[in-house]
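So that the names make sense, note that chain A is the first sequence line, chain B the second, and so on, each numbered from 1.
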2 protein chains.
Amino acid sequence: MKTQKYHHGNLEAALLEAGVREARISGSKNLGVNALAKEVSVSPMAVYRHFSSGEGLKASISQQAREELARRMIEAISHETSVKERFEATGRTYIQFALNEPGLFSVAFVACEAPPKREDSPSAWMVFQDSVLDLCNEGLIQAAEVRQVTDFAWAAVHGYANLAGGSDPMRPKAEPEIIEGLLERIWFGIVKESVEIKK
Amino acid sequence: MKTQKYHHGNLEAALLEAGVREARISGSKNLGVNALAKEVSVSPMAVYRHFSSGEGLKASISQQAREELARRMIEAISHETSVKERFEATGRTYIQFALNEPGLFSVAFVACEAPPKREDSPSAWMVFQDSVLDLCNEGLIQAAEVRQVTDFAWAAVHGYANLAGGSDPMRPKAEPEIIEGLLERIWFGIVKESVEIKK
DNA sequence: CCATTTATGTTTATAGCATACACACTATTC
DNA sequence: GAATAGTGTGTATGCTATAAACATAAATGG
């Protein structure tokens, strides 16, 4: 029985796991090299065998958080059928992630410098854009509008998530009907031209 | 001619000035106690006579940045006449502040813990809400909608400003017509009910 | 006008952080 | 089995924030 070969065998995964656990609890506060090294019972310098710097470690944890969000969004749209419902589910999930996992959310978006773009990993933005492309396929918006619509809706959802999940006394209330109202307003901002034609 | 009575006489203002200057150049990177103390040619410990901690200093610089934004918004609406134009001018100014002063903007919103709420100081949120109240006074929206509309528009503008001013490769393009498109979509999200009635 | 008090700044010391360098041990591979 | 690559430890350095003691300038009050 080997107690621990080379400690865990792969520190990298252990550090990321510990980092995500800490982020969930207290955001980016305890994601330093020393703190995480101690968390997995290893000397601080061991971290540098797997990450080029403390910033690099934080960036990878941030990436983990972003992938977690993307996974939840993918999960959420899998339960919806209509393109509008699927679109709204992405936004709703994004906002709920910010509210239910404020630590992870802040690490995912505010506390990182340069995310280490990996093409194969799930990306919330891609999921979101796909749902906009579906709107286009259904003829609800025009192909030329896709980018504009994505930017607009993403901005509104991201902004709301940031504000509602923050600590500002003037932050929007995070009640379900408020969120649904927001999604409805976003919807009107998206289909505005069809509304204009109808009137 | 007194060279420097007690150094500058009031360090607090000098530190805030230096902090805002640094924030403009490089965001929250060089806002540490030591760096700013050196910037104004004073020993690090002198800072603590005016701010309870390094975080407190950063929070005050952040407040300065927010006031600067509020001032620009107030300036901008003073040139507009119609309520719609005034409303849109607040959003446009907010976004342009994020694009033209990325360092100040990030310090204003992402890099602070607990802003030291001062009621008398100009607040971007108040300016924004006032412009929404004007929409209400003109009958463009209903009184019961004010909060919802403020939250929605603020979220969209804040989110767009954050994203466009950030470094994400998927960030929205910051071209004038894109921004105007965004403001137009926000407008449709705001007046949605009147549009519905019309059709 | 001098003396006491208050405001402001300096020096020194401590503790925590990231991280470079040298060493040690383990696993792999030839 | 020995060379080598991969992983982890220990120690040292320089940075940061900030506490404690001290120093001096300004204000105040007899």
Exercise. Expressed in angstrom and rounded to an integer, what is the separation of Asn30(B) atom CG from dC15(D) atom C1'?
Worked result: 13 Å

For this session: Would you kindly give the CG-to-C1' distance between Leu11(B) and dA25(D), to the nearest whole Å?
Result: 14 Å

Exercise. Given atom CG of Asn10(A) and atom P of dT26(C), what is their separation to the nearest angstrom?
Worked result: 18 Å

Exercise. dT10(C) P sits how many Å from Lys38(B) NZ, rounded?
Worked result: 14 Å

For this session: Compute the ring centroids of Tyr160(A) and His158(B), then answer whether they are less than 6.0 Å apart.
Result: no

Exercise. Are Ser167(A) and Arg171(A) linked by a side-chain donor-acceptor pair shorter than 3.5 Å?
Worked result: no

For this session: Any chance you could measure Phe97(A), atom CZ, to Met73(A), atom CE, to the nearest 0.5 Å?
Result: 10.5 Å

Seminar exercise, completed: On a heavy-atom basis, the closest approach of Ile74(B) and Pro122(B) is CD1-CB, 4.2 Å

Identify the pairs formed between an N or O of the protein and an N or O of nucleotides 19-21 of chain C at a distance under 3.5 Å, and give each distance.
residue	atom	partner	partner atom	Å
dT19(C)	OP2	Tyr48(A)	OH	2.9
dT19(C)	OP2	Gly54(A)	N	2.8
dT19(C)	O5'	Tyr48(A)	OH	3.4

Seminar exercise, completed: Rounded to whole Å, the CG-P distance (Leu57(A) to dC17(C)) equals 14 Å

Seminar exercise, completed: Whole-Å distance, Lys29(A) NZ to dG16(C) C1', equals 17 Å

Let me check something: any side-chain donor-acceptor pairs from residues 11-23 of chain B under 3.5 Å, sequence neighbours excluded? List them with distances.
residue	atom	partner	partner atom	Å
Arg21(B)	NH1	Glu39(B)	OE2	3.0

For this session: Starting from the 5' end of DNA chain C, give me the residue, Arg49(A) or Leu31(A), whose nearest nucleotide shows up first.
Result: Leu31(A)

Determine all donor-acceptor pairs shorter than 3.5 Å in which one atom belongs to a side chain in residues 148-155 of chain B; sequence neighbours excluded.
residue	atom	partner	partner atom	Å
Thr150(B)	OG1	Val146(B)	O	2.7
Asp151(B)	OD1	Arg147(B)	NE	3.2
Asp151(B)	OD2	Arg147(B)	NE	3.4

Exercise. Within the pair His50(A) and dG8(D), is there a side-chain N or O less than 4.0 Å away from OP1 or OP2?
Worked result: yes

